[in-house]
There are 2 protein chains.
Amino acid sequence: MKIKQRSDCPISSALDVIGDKWSLLIVRDIMMNGKNTYNEFLKSNEKIATNVLADRLSMLEKSDIISKEEHPESKAKIYYKLTKKGIRLLPVLIELILWADEYLPVSSAAITYGYALKKDKEKITKQMMRTLLKRISDK
Amino acid sequence: MKIKQRSDCPISSALDVIGDKWSLLIVRDIMMNGKNTYNEFLKSNEKIATNVLADRLSMLEKSDIISKEEHPESKAKIYYKLTKKGIRLLPVLIELILWADEYLPVSSAAITYGYALKKDKEKITKQMMRTLLKRISDK
DNA sequence: AAATTAACTTGCTTTTTGCAAGTTAATTTA
DNA sequence: TAAATTAACTTGCAAAAAGCAAGTTAATTT
């Protein structure tokens, strides 16, 4: 499978890569939920189908948004991590959270978090970005 | 058709509404390309299928992201416009542009725009947001 | 040695997309 | 003013993608 580019518009190009219902949830799981393995992704609340997960992981890897590594604890596991390109999607996720928080029904935990985020978006984003980037630089 | 909510995570909920390959392109066309009618959307570079366009427009309307109005020039036309909820997606689009501009091959025009955006994101976003919101308040 | 876990793959059904052609009302043209 | 065109869809069908259940293989645990 290859990714078709529908046009050279940046928004369209971005959506060609991550504009489906699952890719950004995998990114979210790694970025914010401390998940890094196949089975951890499978167990998320949204219940991705196993073949779709396999497909998305391989697409995200091909797009250089995630990469595979040896799992530190076991050879049976694969450790999925974000690349820099993947980490740089953080601001997109942040804006989706802020939008959802304002216009969609979400969990009360999300409301609380959104409130803090709204007040200090810049700072929180920068801080998270730094932490995430640091994690990949000292591997 | 109704929208299924896969979980109460804000990112997931946002993607349930606008996380497909077409919805945000329609929003982009209204927001940044001065398009407001069915045939204008159809003519975009990405070539959406006519039945999919009809479906997305009705979903976006049901989600209160766009609304239909009489076209000022003709009764044969329908004027689609963004609601406030739709306009508030601007920051998401902006971040997608910035990410694509840095990590994907896009047009040279997009590169130039992205460069300005990167330098002055806050200001440009606020200015655009103000203009868009003004347009809907004085209808 | 047997059971379990992890990461997939396979086969099949359902849903969504894409494409071409057709419909209806409003508008423009000859 | 009749005929052609435009605008916004709808319909039918084939192809692609998603969802679901079960199966495979290698590593790990019991």
Just so I know, are the side chains of A:Glu95 and A:Lys121 near enough to count as touching, which here means a heavy-atom distance under 4.5 Å?
yes
Can you tell if the side chain of A:Pro91 reaches within under 4.5 Å of the side chain of A:Met129, non-hydrogen atoms only?
yes
In whole angstroms, the gap separating C1' of C:dA7 from CZ of A:Arg56 amounts to 17 Å
Using a 4.0 Å heavy-atom cut-off across all strands, classify B:Thr50 as base, sugar-phosphate, or nothing.
base
Qualifying residue for side-chain hydrogen bond (donor to acceptor under 3.5 Å, both in side chains) with A:Thr131, from A:Gln127, A:Lys134, A:Arg135:
A:Gln127
Verify the distance criterion only: is there a donor paired with an acceptor across the side chains of A:Tyr103 and B:Ser63 at less than 3.5 Å?
no
Wobble G-U and Watson-Crick pairs count when both distances are under 3.5 Å; given that, what is the 5' to 3' dot-bracket string of DNA chain D, with | for pairing to other strands?
||||||||||||||||||||||||||||||
Over all strands shown, is A:Tyr80 touching base, sugar-phosphate only, or nothing at heavy-atom distances under 4.0 angstrom?
sugar-phosphate
Whole-Å distance between D:dA17 C1' and B:Lys21 NZ?
11 Å
Min side-chain heavy-atom separation B:Phe41-B:Leu57 under 4.5 Å:
yes
Interatomic distance, A:Asn39 CG vs C:dA6 C1' [rounded to whole Å]:
5 Å
Candidate nucleotides D:dC9, D:dG19, C:dA7, ranked by approach to the side chain of A:Ile78 - the nearest:
C:dA7
Filter on ring-ring contact (aromatic ring centres under 6.0 Å, His included), then keep only pairs touching residues 42-75 of chain A, sequence neighbours left out; what's left?
A:His71-A:Tyr79
For a quick check of understanding: with a heavy-atom distance under 4.0 Å over all strands, which category does A:Lys68 fall into, base, sugar-phosphate or nothing?
sugar-phosphate
For nucleotides 27-30 of chain C, list the nitrogen or oxygen atoms of the protein found under 3.5 Å from its nitrogen or oxygen atoms, one pair per line.
unit_1, atom_1, unit_2, atom_2, d
C:dT27, OP1, B:Lys75, N, 2.6

Length of the CG-C1' vector between B:Asp20 and C:dT16, whole Å:
11 Å
Can you check the A:Leu60 CG to C:dA7 C1' distance for me, whole Å?
16 Å
Value in whole Å for how far the P atom of C:dT16 lies from NZ of B:Lys4
6 Å
Quick one: B:Asp55 CG to C:dC19 P, roughly how many Å, whole number?
16 Å
Only one of B:Val27, B:Leu132, B:Ile65 passes side chain to side chain contact (heavy atoms under 4.5 Å, CB included) with B:Ile87; say which it is.
B:Leu132
Verify whether one side chain among B:Asp16 and B:Ser13 offers a donor that lies under 3.5 Å from an acceptor in the other.
no
Student check: side-chain heavy atoms of A:Val52 and A:Asp55 closer than 4.5 Å:
no
Taking for each residue the nucleotide of DNA chain D bearing the nearest heavy atom, is the 5' side occupied by A:Asn51 or by B:Asn36?
B:Asn36
Where the side chain of A:Tyr38 is defined as all heavy atoms beyond and including C-beta, which of C:dA7, D:dT10, C:dT17 is the nearest nucleotide?
C:dA7
In whole angstroms, the gap separating C1' of D:dA18 from CD1 of A:Ile48 amounts to 10 Å
